[in-house]
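Reminder, nothing fancy here: chain letters follow the sequence lines and each chain counts from 1.
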2 protein chains.
Amino acid sequence: MATIDDVARMAGVSKGTVSSVFSKKRPISQQVTERVLEVAQELGYFPNHLARSLAIKRTMSIGLKIPLPPDGTMTAFDTQLINGVIKECSKQGYRLVLDTLPEQEDPTLYSQDPVDGVILLNPRKNDLRIQRYLMMGTPLVLVGRSDPYDDTISYVDNNNTNVARQVGDYLLRGGHKTVLFLNASSDMTVSYDRKHGLAEAYSQHGLPMPEEYVVYYDHKLHANGTEYGYMSIMNSYGNMNYTAVITDTDRVALGVLRAARELDIEVPEQLSVIALSNDAILAQDMNPKLTSVELSAETLGAEAAKLLFEKISDKRIHRQIIIPAQLVVRESCKFLS
Amino acid sequence: MATIDDVARMAGVSKGTVSSVFSKKRPISQQVTERVLEVAQELGYFPNHLARSLAIKRTMSIGLKIPLPPDGTMTAFDTQLINGVIKECSKQGYRLVLDTLPEQEDPTLYSQDPVDGVILLNPRKNDLRIQRYLMMGTPLVLVGRSDPYDDTISYVDNNNTNVARQVGDYLLRGGHKTVLFLNASSDMTVSYDRKHGLAEAYSQHGLPMPEEYVVYYDHKLHANGTEYGYMSIMNSYGNMNYTAVITDTDRVALGVLRAARELDIEVPEQLSVIALSNDAILAQDMNPKLTSVELSAETLGAEAAKLLFEKISDKRIHRQIIIPAQLVVRESCKFLS
DNA sequence: CTGAAAGCGCTTACAG
DNA sequence: CTGAAAGCGCTTACAG
């Protein structure tokens with residue numbers, strides 16, 4: 001490809017001038033502008049976005065760190081969140097870089113992301129990635145809160161404690177005494193919040209939360225969420241005596257339902273199931289239709305993007321936004337008499 | 001942020017050496033490596049991806065040009081296609097840059113996309129964007145074919161002519177004599193192919209295709225697909241005498257159904273409706289459930305990405321892939337006796 | 001309004 | 001195994 005030097009040489013001007021013709025950052029005379037444009041046209045010259053970004057220290061794109069599930073298919077949550085982010089990018093004239101690359105162990109393999117800022121999903125406890133972005137000075141917004149808590153970090157989140165408390169209360173009020181909670185992995189901040197919320201619900205009903213009924217996803221044990229749900233029920237039903245199960249996601253619930261079918265457990269008659277995240281497609285197609293929680297992923301994404309643009313324009317800004325989640329009652333829970 | 005120079009200076013080595021420690025492109029002694037890494041750690045140094053990309057002329061990311069519909073919400077087709085692309089990127093260690101930015105009129109506003117190659121959706125007749133990418137030497141893959149046809153351009157596509165012929169045949173065999181076709185915009189190659197296919201169906205049934213029953217989407221007339229469907233029926237029903245309508249997308253079909261409801265036209269009793277693209281979510285939720293065509297958007301995306309990676313590794317390669325589309329019969333069409 | 005030159009932060013022959 | 005220097009293709013004070 002022709003470069004700015006080629007154009008400058010051929011048009012008999014300096015490259016600063018060619019640069020100005022394209023960037024319009026300083027006025028160039030009509031005649032020179034025309035000549036430069038002509039030559040550029042002839043040579044098929046287009047400015048190199050990368051070189052420009054390096055020079056001005058601005059890429060006009062933001063990154064979204066989004067780990068792909070092992071089966072490679074994004075969840076509806078992911079999809080909706082991306083849609084929220086992309087809408088805001090579009091408004092601001094930014095590109096969106098979807099980064100699904102796995103985290104590297106080798107520290108020499110890191111580099112600064114080629115973007116002006118990053119949205120990070122599913123923060124963990126003492127998340128190394130967060131520390132790294134802070135060191136690099138990369139504007140950062142989390143979807144989910146940080147642990148240890150740092151109020152200088154911007155994030156959007158559902159009120160996960162609340163959600164779990166509400167769901168717990170819903171079940172306990174319904175006469176359930178013992179609830180199996182298939183939580184997300186223990187290192188995620190959301191897991192902690194949810195457990196906490198469930199504990200509050202128990203305590204509101206004057207009950208202690210049975211700790212052994214709160215289990216965590218372990219990717220070493222389970223290939224995916226559905227298997228996690230399936231195996232958990234297969235291994236525990238009969239030994240433990242829960243009448244309801246709360247799952248991390250609807251995919252986990254899918255596994256629970258499958259296990260129930262195999263064990264001839266009727267849902268919701270013998271077992272109530274409720275998922276803490278609502279994948280519009282799956283939830284409605286399950287049998288029975290899954291009672292779940294709507295997290296408003298698109299809103300989370302849009303708000304995260306807005307926070308990030310704020311932060312890009314002024315690094316000192318930090319703000320937290322809580323998006324309310326809604327319990328959506330369908331058919332998979334039963335009130336015991 | 002610390003740069004490679006800072007590290008080099010502080011470690012008392014040349015920047016070439018620091019570079020080599022991180023890139024591992026030439027061997028560096030154990031001791032020097034350790035010292036460099038230590039200093040880097042201390043300074044919080046991370047290589048600048050942009051600068052690296054500029055030097056090696058490789059970004060390790062590909063672009064997807066995806067215009068956002070005016071309402072900002074991606075269609076299921078878009079979503080599925082992205083998912084297909086992203087899966088392949090993930091496998092290859094690439095990032096995916098989603099570019100929704102509008103096309104610029106001003107030629108000075110173009111620049112080379114900061115990616116190693118581009119997937120372009122919805123090519124048009126004499127598409128300027130295609131010509132530009134070819135000039136720049138940017139590896140390019142289309143989703144949809146180019147017009148004028150150029151067999152050196154890689155693309156993936158459904159067999160749109162076939163799809164339209166099949167759908168047309170389905171309706172004509174069902175006893176319909178006149179079909180209203182709400183096609184996509186006239187400048188898209190897919191519109192041409194579909195019209196052609198429908199004409200073939202008519203001719204197979206010994207009928208001429210009534211040209212005035214093939215209309216095109218015009219974004220100056222309609223804010224979105226749904227309105228296009230709605231207005232088209234409102235304005236034509238009664239004046240024209242079709243018994244079936246083929247729509248570009250299920251969103252257009254949604255508008256058709258709405259109009260039918262307002263005009264007290266029963267679907268499918270009085271009007272059959274069939275969409276040429278199947279948005280899994282919408283189609284099933286419509287009333288009646290929409291008969292439509294499954295285009296396998298995810299496969300299109302995955303194959304497009306594969307072709308692009310091929311082309312990035314060897315620019316001379318060009319290949320075309322046709323993904324079969326499937327007619328999915330649901331409830332919105334009726335066979336006339 | 002325009003040019004010369006240094007700078008953005010890397011990589012890579014070439015030499016030793 | 002390591003260094004010095006040119007190069008990747010832009011932008012931007014500084015000077016005129």
Give every residue pair that meets the salt bridge (charged side-chain N to carboxylate O under 4.0 Å, His left out) criterion with at least one member in [range], sequence neighbours excluded.
range: residues 22-32 of chain B; value: Asp106(A)-Lys24(B)
range: residues 132-143 of chain A; value: none
range: residues 136-155 of chain B; value: Lys125(B)-Asp147(B), Arg145(B)-Asp193(B)

Does the protein touch nucleotides 9-16 of chain C at the base, only the backbone, or not at all? Give it as B, S and - per nucleotide, heavy atoms under 4.0 Å. BBBBBB--
Residues which pass ring pair (Phe, Tyr, Trp, His ring centres under 6.0 Å) with [X], listed by chain and number, not counting sequence neighbours:
X: Tyr192(A); value: His196(A)
X: Tyr94(A); value: Phe309(A)
X: Tyr110(A); value: none

Listed in order of residue number, which residues of residues 27-36 of chain A have a non-hydrogen atom at under 4.0 Å from DNA chain C?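 Pro27(A), Ile28(A), Ser29(A), Val32(A), in order of number.
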Sequence neighbours left out, what passes side-chain contact (heavy atoms from CB on, under 4.5 Å) with Pro114(B)? Give chain and number order.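 Pro114(B) satisfies side-chain contact (heavy atoms from CB on, under 4.5 Å) with His49(A), Leu50(A), Arg95(A) once adjacent residues are dropped.
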Listing for DNA chain D: consecutive Watson-Crick or G-U pair runs of at least 3, distance cutoff 3.5 Å, ranges ordered by first number, gives C:1-3 with D:14-16, C:5-12 with D:5-12, C:14-16 with D:1-3
Determine all donor-acceptor pairs shorter than 3.5 Å in which one atom belongs to a side chain in residues 115-122 of chain B; sequence neighbours excluded.
{"residue": "Asp116(B)", "atom": "OD1", "partner": "Thr59(B)", "partner atom": "N", "Å": "2.7"}
{"residue": "Asp116(B)", "atom": "OD1", "partner": "Thr59(B)", "partner atom": "OG1", "Å": "3.0"}
{"residue": "Asp116(B)", "atom": "OD2", "partner": "Thr59(B)", "partner atom": "N", "Å": "3.2"}
{"residue": "Asp116(B)", "atom": "OD2", "partner": "Met60(B)", "partner atom": "N", "Å": "2.8"}

Using distance only, find each side-chain donor-acceptor pair of residues 34-41 of chain B under 3.5 Å and give its atom names and separation, not counting sequence neighbours.
{"residue": "Glu34(B)", "atom": "OE2", "partner": "Gln30(B)", "partner atom": "NE2", "Å": "2.7"}
{"residue": "Arg35(B)", "atom": "NH1", "partner": "Ala11(B)", "partner atom": "O", "Å": "2.3"}

Could you tell me if the side chain of Leu308(B) sits less than 4.5 Å from the side chain of Pro139(B), heavy atoms only? yes
